[in-house]
2 protein chains.
Amino acid sequence: MSNAYNRPDQLSPELRRRVLDTARRLGYPGPDPVARSLRTRKAGAVGLLLTENLSYAFRDPAAIGFLEGLALACEDAGTGLLLVPANPEREDVASVHRAGVDGFVVYSVPDDDPHLAAVLERPVPTVVCDQPDLGTVDRVGIDDRGAMYELARHLISLGHRRVGVVCMRLARDRNDGFVTADRQHAAHFHVQRNRLSGLAEAFSEAGVDWSQVPVVERFDHNMASGASGAAQVLDKDPQITALICTSDVLALGAMTEAARRGLRVPHDLSVTGFDGIREAEAAGLTTVRQPVLEKGRAAGKLLLDSNERSRPRSVNLATELIIGKTSAAPRGGAEERWFGP
Amino acid sequence: MSNAYNRPDQLSPELRRRVLDTARRLGYPGPDPVARSLRTRKAGAVGLLLTENLSYAFRDPAAIGFLEGLALACEDAGTGLLLVPANPEREDVASVHRAGVDGFVVYSVPDDDPHLAAVLERPVPTVVCDQPDLGTVDRVGIDDRGAMYELARHLISLGHRRVGVVCMRLARDRNDGFVTADRQHAAHFHVQRNRLSGLAEAFSEAGVDWSQVPVVERFDHNMASGASGAAQVLDKDPQITALICTSDVLALGAMTEAARRGLRVPHDLSVTGFDGIREAEAAGLTTVRQPVLEKGRAAGKLLLDSNERSRPRSVNLATELIIGKTSAAPRGGAEERWFGP
DNA sequence: TGAAGTGACCGTAACGGTTCAGAACCAATT
DNA sequence: AATTGGTTCTGAACCGTTACGGTCACTTCA
């Protein structure tokens with residue numbers, strides 16, 4: 001029977017026709033994909049674990065780019081892409097257990113997330129993205145630390161010494177406010193931890209006492225958070241000459257707050273982002289561009305040709321420092337004479 | 001055994017512990033989701049069929065909004081969302097057959113698409129979106145025809161009589177150029193067909209010979225298409241006072257072309273769109289806003305509570321005419337005295 | 001003390017396909 | 001005529017799980 005559908009060469013055309021005819025007459029809807037998957041041990045789909053609220057993936061431009069790249073890789077391979085809901089509120093690991101997939105891509109979740117643990121227990125290949133190297137599964141990411149270090153060097157060379165930071169959530173608990181050094185080090189989001197540590201290193205080297213730098217955290221990732229985070233930093237220390245945001249979305253929000261306060265960017269305040277999304281380019285933001293689409297595509301490729309037990313691979317994609325028109329030497333800064341526009 | 005995982009109440013805690021212990025010792029990875037699906041006849045996922053190149057879904061703002069709404073509905077119900085690749089080039093219906101899902105959502109595909117036919121043959125509930133009412137499955141959409149009629153009335157009341165149109169693809173074959181009346185009527189994309197027919201009706205009523213109106217079609221849906229489409233219309237008839245685009249993305253592209261030609265919008269040329277995406281709002285575009293997120297959510301809800309054999313439901317969501325600053329009375333037009341700004 | 005009732009546990013039969021071994025058949029060769 | 005080879009077709013095993021009904025021990029009540 002299944003031969004009639006899948007192996008036309010294995011039987012005579014006449015029998016095939018007869019089988020298909022009676023099948024249609026009996027109202028047979030064609031082979032059941034689930035039963036087929038059980039037998040062949042291939043689901044024909046890869047799972048994408050997004051710990052964030054599922055709809056978040058469609059709001060964040062960087063996440064959309066990643067999704068697009070991953071979808072492209074899946075399309076090339078002819079497999080589907082299953083978005084696995086993983087609501088962080090109820091610890092509903094069941095969704096991971098219930099997903100019939102040939103492998104998982106894990107995108108930017110906290111490293112202590114129970115869903116991630118559940119994925120790693122499943123006997124399928126996995127690629128983690130923007131995560132620490134687990135040593136046991138493939139990984140794709142960028143050098144967040146190095147890229148942010150480079151951005152910090154840019155600001156330092158412009159003459160900035162008194163700065164503030166707005167970052168995304170650092171752990172699963174909501175903490176909208178200032179961040180202690182401890183919390184920075186213990187951050188469960190690999191990406192944010194490394195970006196902060198790149199900043200800390202560069203500014204420490206430049207003689208800045210990092211523990212005195214105001215770092216504000218926001219749980220939600222949108223422009224409003226960027227604006228309110230910027231407000232909190234500027235209230236704390238109105239003397240800062242640069243505001244460093246760990247994402248473009250936050251930075252764009254920060255720009256609106258600067259405008260609201262009548263601060264001219266970059267004359268009165270430099271603002272920087274991270275990601276290199278289209279909106280940032282349009283705004284001329286100084287930022288680090290990372291190849292989000294390529295990241296998704298690389299994750300998909302890695303997963304889809306998981307050769308039997310080659311040792312875990314780790315891919316780092318290149319980033320590029322984009323110097324836009326939102327960073328300049330601080331007003332009246334000593335260095336202005338040498339580094340100004 | 002399965003009880004130990006799924007029905008802790010059916011057995012004593014002691015046995016449960018013992019079972020789970022030996023399971024772990026034997027390296028048992030937990031119940032297999034595919035086998036479970038086979039037995040329970042529930043896949044725990046819904047399929048989304050996008051006939052367009054898969055990555056398209058992540059480029060078009062309206063599609064993203066739809067996806068977000070659908071993802072929200074799925075998240076609420078605790079089911080996954082499977083993106084089914086359906087490359088229009090190779091007629092690869094296998095992807096539809098291979099998808100292990102409890103139902104399908106079909107989003108804006110041509111009504112003669114073989115993938116759609118394949119979905120309808122599958123014995124699972126289906127919701128079509130932006131499609132003609134098939135009478136056999138649930139449907140969600142808007143009144144494209146009526147909404148466009150209303151937009152046309154707005155332009156007519158401003159005094160526009162000589163207009164041009166840029167529309168999205170009308171069928172599966174690529175036809176970048178002028179569109180005959182025949183092709184307009186025979187269009188296989190329900191949405192485009194109805195928008196055009198709303199225009200034709202309104203302008204015909206106003207005494208305009210619709211067959212003389214230049215209508216240009218573009219296969220790809222991006223701003224560049226809008227720009228080149230606008231150029232083609234303006235080359236054909238530089239006298240037009242309004243350019244009607246069947247999507248905001250095309251309209252935004254048309255605006256860039258108008259600017260390139262030194263045409264001031266709306267003074268020299270009115271431009272209108274359709275969808276109500278964020279970028280259009282930012283640009284002050286005159287357009288029709290449709291609730292894309294709600295459309296996705298409605299499709300998901302419809303699918304997920306498919307009560308046994310209720311007769312097919314059809315949902316029409318409300319739209320809203322947004323009069324922005326890209327439409328005004330034509331320069332020197334007779335009506336200007338009464339309707340001008 | 002025996003019958004009936006209760007709850008925990010276990011064995012087995014599907015679910016619907018794929019695969020593979022071998023039966024049946026036919027033709028050609030020794 | 002018997003053996004060989006090749007092709008087409010049939011049947012049974014298996015994939016891993018859950019639903020279901022039956023067994024068994026143990027309690028309860030007459």
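Convention: sequence-line order gives letters A, B, ...; per-chain numbering from 1. Bear in mind the structure is a predicted one, so any value in this text is a computation, not a measurement.
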Legend entry - Test: A:K301 and A:D76 ion pair at under 4.0 Å: no
Inset, instruction - Tell me, with the steps shown, if A:N316 and A:R139 meet side-chain hydrogen bond (donor to acceptor under 3.5 Å, both in side chains). - result: CA-CA 8 Å; A:N316 256 343; A:R139 186 198 75 93; 2.9 Å; yes
Legend entry - Main-chain N/O of B:V109 paired with B:Q131 side-chain donor or acceptor, under 3.5 Å: yes
Inset, instruction - Mind calculating the distance between CG (A:L38) and P (C:dA14) to the nearest angstrom? - result: 17 Å
Inset, instruction - May I ask you to evaluate whether B:Y28 reaches the phosphate of D:dT17, defined as a side-chain N or O under 4.0 Å from OP1 or OP2? - result: yes
Inset, instruction - Take the protein atom CZ of A:R98 and the nucleotide atom C1' of D:dT17, then report the distance between them rounded to whole Å. - result: 13 Å
Inset, instruction - Could you check how far NZ of B:K42 sits from P of C:dG16, rounded to whole Å? - result: 13 Å
Inset, instruction - Using atom CG of B:L26 as one end and atom P of D:dG16 as the other, report the distance to the nearest whole Å. - result: 14 Å
Legend entry - Whole-Å distance separating the OH atom of A:Y5 from the C1' atom of C:dT18: 15 Å
Inset, instruction - Using only side-chain N and O atoms of B:R41, determine if any of them is under 4.0 Å from OP1 or OP2 of C:dC15. - result: no
Legend entry - Closest-nucleotide 5' rank along DNA chain C - winner of B:R39 and B:R18: B:R18
Inset, instruction - Would you mind reading off the distance between B:H97 atom NE2 and C:dT18 atom P, rounded to a whole angstrom? - result: 12 Å
Legend entry - For atom CZ of A:R36 and atom C1' of C:dG17, their distance in whole Å: 8 Å
Legend entry - Atom CZ of A:R24: over 12 foreign heavy atoms under 6.0 Å: no
